[in-house]
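See below for the structure under consideration.
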2 protein chains.
Amino acid sequence: MMGIKLTDVAKKAGVSATTVSRVINNYGYLSQKTIDKVHKAMEELNYQPNSMARSLQGKNTQLIGLIFPTVSHPFYGEIVSKIETKLFEKGYKTILCDSANNKEKERDYLRMLIANKVDGIIAGAHNLDIIEYKNVGLPIISFDRYLAEGIPIVSSDSYQGGRLATEQLYQRGGRKIAIFTGTNESASPTNQRLNGYLSVIKEHHLDPMVYHFPLEYSPFLKATEIRQILSRDKIDSVFCTDDLTAILVINKAKELGLEIPEQLKVIGYDGTEFVQNYFPQLSTVLQPMDQFVDLLIDLLMKRINNADVELDNLYQLSVKFIQGQTS
Amino acid sequence: MMGIKLTDVAKKAGVSATTVSRVINNYGYLSQKTIDKVHKAMEELNYQPNSMARSLQGKNTQLIGLIFPTVSHPFYGEIVSKIETKLFEKGYKTILCDSANNKEKERDYLRMLIANKVDGIIAGAHNLDIIEYKNVGLPIISFDRYLAEGIPIVSSDSYQGGRLATEQLYQRGGRKIAIFTGTNESASPTNQRLNGYLSVIKEHHLDPMVYHFPLEYSPFLKATEIRQILSRDKIDSVFCTDDLTAILVINKAKELGLEIPEQLKVIGYDGTEFVQNYFPQLSTVLQPMDQFVDLLIDLLMKRINNADVELDNLYQLSVKFIQGQTS
DNA sequence: AAATTTATGATATACGATTGACATATATTA
DNA sequence: TAATATATGTCAATCGTATATCATAAATTT
């Protein structure tokens, strides 16, 4: 039932428990001979120090909590996977929290992460107004949304991205340019994409055509509504604030016999590796995933190593337009 | 720096530490008044029992380790997300381990999970020959691969799935039926899909056309090779042992001007919600994701609650063919 | 040979919560 | 009223590890 413990190693190596602890934590005087003896015993017994006991002593847990909507979405799956990989290289383990856009769940998760004494949190969920974030008292870095005063946000320049996509559609001849986006939440980055869209529309004296899709819509429901919109409204271009919606648009457009890009131009947003590999035809705005991950982890490490380090409130990385065949 | 602890709650509530512990763990005699007082104090202080200290006492950590190749792949992302959600409902937290098809990493993860005293592990990684699994001494359930003697495997009937897809292609008129699959590893489930394919091919006296793609191939490399194969070899049907490969095939076929399904029929394998939502046109073999998840967790819970419970070695769920427009 | 550095052990305390043993006091029931 | 059930407190030990303090002994330097 129970595992090997430090005293077992001590016995096996023929030294005192103190010495084993000295070897593990590398302090005090130690002869090479003893070090080797202890290591040998640890290996032979396949000894793993009990993380619980260690962190009770104030040692770091080396645990990082990740709060994201859901890894079943390729965008979050990809970023979570990259974060996890990089953290592992740095000796950290990842506790995964799929918040599922559920406030209650997110709140529960937050409490759980505190109870598990994680060393830090990276939060990329989309629920707003979680006051609890203010009182966590733990290093947190946020991805792409405002959480609370003093919690740095890593995001891309959504406004610029929105402009970029819309301008592209205009340049390619689009004059009835619609935007398909999420629900209108002022703090969310998709809202900035909308603002970018609106600014370009205004510059060119076009009529804005804004379509909101609630987050809780299933892809099927969304697709149905998209089909309606496409067949009902005169639209020659669509800027979707995420790639998956763009894919739905393309699918439905094809069903309706619309030629892409001749009759309908479509530009997405995100540009995950997944989309680039499996939908290479899609024109999209590329978010710098690797830079996100590097920066998120970099900032988090800084906060972990020094809780009082001064960090900016907002880190905005630039996006890039990728020309495919859908625009 | 330090968080609220049990004694702080006791002080606040004006009771003894023992009483607080009694409330938390619900044992001994307690008056409703005291229970309420303590709960109130816990809430006001936002108290979270230190998980480390609890599990040092032999309490369960309520942690489950998940070892999967990578959540950036929609199939694994989806199953991990479902598992995580269901575990959370049962009061468990998930430690995510993206093994990245890397033996070293998988081994490290296994040690880490042991050190973190997880209550159990669900492993769906694809590396083979990890002897360490034998000595874990922890409840483990495997998804879709053999790990070690006594570790139950939950999988779908890959052989039947391979037969199903191949037979469909034949029924639709395919006579040059190829299979695109991973590297030949006898223990892997894709190999059973291959065997199913071969059995049908044999029954109809056709020539097998087997193409192996190494796991470590990037999608780009794979796509390039697929294009070569399609333009070089006389093939009228392809059975891909996963949906993403099928998507590559479709993309490349379109590039080559091949009509689908007239000139080339394609059937995939997996049938994730993602593919059903965003590639509804794809014919595929549907794996019962929800049943996988239910069974995996069910079996794991049984093992956690009773380490000696008798479980079958293999649980095979049946698959279903989904007719799309690509076959 | 004396002083110092290096190497190890023994012992005790701490981390935060759990739990058993025992004491005591009130409330309820026989 | 006596017996029992209920409610709470005190105290100490425990989980596995870390670490400070003191002691001791061998190795090295002066």
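Proteins come first, then strands; the chains are lettered A, B, ... in the order of their sequence lines, and each starts at number 1. Values in this document were obtained by computation on a predicted structure and should not be read as measured data. All values below come from the heavy atoms of this structure, side chains included, with hydrogens, waters and symmetry mates left out.
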Please report the distance, rounded to the nearest Å, between [atom1] in [X] and [atom2] in [N].
X	N	atom1	atom2	answer
A:Tyr27	C:dT8	OH	P	13 Å
A:Met52	C:dT18	CE	P	15 Å
A:Tyr47	D:dG16	OH	P	10 Å
B:Leu56	C:dC15	CG	P	14 Å
B:Asn25	C:dG20	CG	P	10 Å
B:Lys117	D:dC15	NZ	P	14 Å
B:Ile24	C:dA17	CD1	P	7 Å
A:Lys11	C:dT8	NZ	P	20 Å

For residues B:Tyr133 and B:Glu106, is any side-chain donor paired with an opposing acceptor at under 3.5 Å?
-> yes
Got more than 12 heavy atoms from elsewhere within 6.0 Å of CG, B:Asn305?
-> yes
Check [X] against [Y] and note the closest heavy-atom contact, atom names and distance.
X	Y	answer
A:Ile79	A:Val293	CG1-CG2, 3.9 Å
B:Thr34	B:Thr19	CG2-CG2, 3.5 Å
A:Val118	A:Ile95	CG1-CD1, 4.3 Å

Contact list for residues 57-82 of chain B, test salt bridge (charged side-chain N to carboxylate O under 4.0 Å, His left out), sequence neighbours left out =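 Output for this query lists B:Lys82-B:Glu273, B:Lys82-B:Asp290.
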Can you pull the salt bridge (charged side-chain N to carboxylate O under 4.0 Å, His left out) pairs that have at least one residue in residues 28-55 of chain A, sequence neighbours excluded?
->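 Counting only pairs at least two positions apart or across chains, the salt bridge (charged side-chain N to carboxylate O under 4.0 Å, His left out) contacts touching residues 28-55 of chain A are A:Lys12-A:Glu44, A:Lys40-A:Glu44.
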Taking five pairs at each end of the helix from C:dA1-D:dT30 to C:dA30-D:dT1, what angle separates the two helix axes (nearest 10°)?
-> 30°
Would you please classify the geometry between the A:Phe68 ring and the A:Tyr76 ring as parallel, tilted or perpendicular, with 30° and 60° separating the classes?
-> tilted
For [N] and [X] - does any side-chain N or O of the residue sit under 4.0 Å from the phosphate oxygens OP1/OP2?
X	N	result
A:Lys59	D:dT19	yes
A:Arg54	D:dA18	yes
A:Asn50	D:dT17	no

Run the numbers on B:Arg107 and B:Glu104 for salt bridge (Lys or Arg N to Asp or Glu O under 4.0 Å), then give the verdict.
-> CA-CA 5 Å; B:Arg107 220 172 251 131; B:Glu104 284 311 312; 3.1 Å; yes
The residue among A:Thr61, A:Ile297, A:Asp119 that forms side-chain contact (heavy atoms from CB on, under 4.5 Å) with A:Tyr92 is A:Asp119
Sequence neighbours left out, what passes ring pair (Phe, Tyr, Trp, His ring centres under 6.0 Å) with A:Phe143? Give chain and number order.
->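 In terms of ring pair (Phe, Tyr, Trp, His ring centres under 6.0 Å), with neighbours along the sequence ignored, A:Phe143 is linked to A:Phe292.
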Listing time: all N or O pairs from protein to nucleotides 24-29 of chain D that are below 3.5 Å?
none

Tell me, for nucleotides 6-14 of chain D in 5' to 3' order, what letter each nucleotide earns: B for a base near a protein heavy atom under 4.0 Å, S for only sugar-phosphate near one, - for neither?
-> BBBBBB--B
